[in-house]
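Since this is a predicted model, take the numbers as computed values, not measurements.
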Amino acid sequence: DAKTTQPPSMDCAEGRAANLPCNHSTISGNEYVYWYRQIHSQGPQYIIHGLKNNETNEMASLIITEDRKSSTLILPHATLRDTAVYYCIVRAHGGSSNTGKLIFGQGTTLQVKP
Amino acid sequence: DAMVIQNPRYQVTQFGKPVTLSCSQTLNHNVMYWYQQKSSQAPKLLFHYYDKDFNNEADTPDNFQSRRPNTSFCFLDIRSPGLGDAAMYLCATSRGWTYEQYFGPGTRLTVT
């Protein structure tokens, strides 16, 4: 699996958009970009994933650059409950257990402030 | 509605005393995973089941075993816990390899 690079921490004001960057310069053509988050003392929670097109769901938007070497997770109106560690993971879609694994990096700790 | 349930949420065991953590799911997912998360670290996959097929990660210590008696339940057995096994243990499920994983709240294990 390709590795990802994320800033260790970020702050965001409540009500503003939170933009979390992720670099994945060695991503392969069959690898998707996944985002999970982990609120303190809880299990990780799936947010969104994409291959090359931008994606949006009720939680967030995912913007992937045209060369697919980086992406940004956008929380459009951050709340205090969005304070968490955000993990960007690249993961192939294939038919074996190896390609299906989630390999977590250190993530970005997002602190949403009042 | 809880979908991935882990019991207990907190477990204290003594050094060397076997301990079992349990996970159950109401999602009828094919795949169940166990992760270990030590303090201030990211979750690390220990092993997983696809239906009854067991897949062990290469660096998972032999001290860790797992059982999946049916689709809904999966157990993590630590045969002889050491102080270094103190961690949060996370169970997750997914429909298949390429689907998103749903995590339980975790069991925090303390070894005294």
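- If you measure heavy-atom distances from Pro105(B) to chain A, the contacts under 4.5 Å come from the backbone alone.
- The neighbour count for Arg67(B) CZ, taken as heavy atoms of other residues, nucleotides or ligands under 6.0 Å away, is above 12.
- Environment of CZ in Phe75(B): crowded, with over 12 heavy atoms of neighbouring residues, nucleotides or ligands closer than 6.0 Å.
- Linking ILVMFWY residues whenever their side-chain heavy atoms come closer than 4.5 Å, directly or via other members, leaves Ile39(A) and Tyr10(B) in distinct clusters.
- In this structure, the separation between CD on Gln42(A) and CG on Leu90(B) is 11.0 Å, given to the nearest 0.5 Å.
- In terms of heavy atoms, Gly105(A) sits closest to Ala42(B) at O-CB, 2.9 Å.
- In Asn70(B), the CG atom is crowded: over 12 heavy atoms of neighbouring residues, nucleotides or ligands sit closer than 6.0 Å.
- Interface check for chain B: of the options Tyr46(A), Phe104(A), Tyr34(A), the most heavy-atom pairs under 4.5 Å are formed by Phe104(A).
- One side chain, Gln38(A) or Gln37(B), offers a donor N or O that lies under 3.5 Å from an acceptor on the other.
- With contacts defined as side-chain heavy-atom distances shorter than 4.5 Å, the pair Tyr35(B)/Leu102(A) qualifies.
- The hydrophobic cluster containing Met59(A) also contains Ile48(A), counting ILVMFWY residues as joined when their side-chain heavy atoms lie under 4.5 angstrom apart, directly or transitively.
- Linking Ile, Leu, Val, Met, Phe, Trp and Tyr residues whenever their side-chain heavy atoms come within less than 4.5 Å places Leu62(A) and Leu20(A) in a single cluster.
- Of the two parts of Tyr87(A), only the side chain, counted from C-beta on, holds a non-hydrogen atom closer than 4.5 Å to a non-hydrogen atom of chain B.
- Contacts between Ser94(B) and chain A at a heavy-atom distance below 4.5 Å are absent for every atom of the residue.
- The environment of Tyr102(B) atom OH is sparse: at most 12 non-hydrogen atoms of other residues, nucleotides or ligands sit within 6.0 angstrom.
- Here the side chain of Tyr36(A) pairs a donor or acceptor atom with the backbone of Gln101(B) at under 3.5 angstrom.
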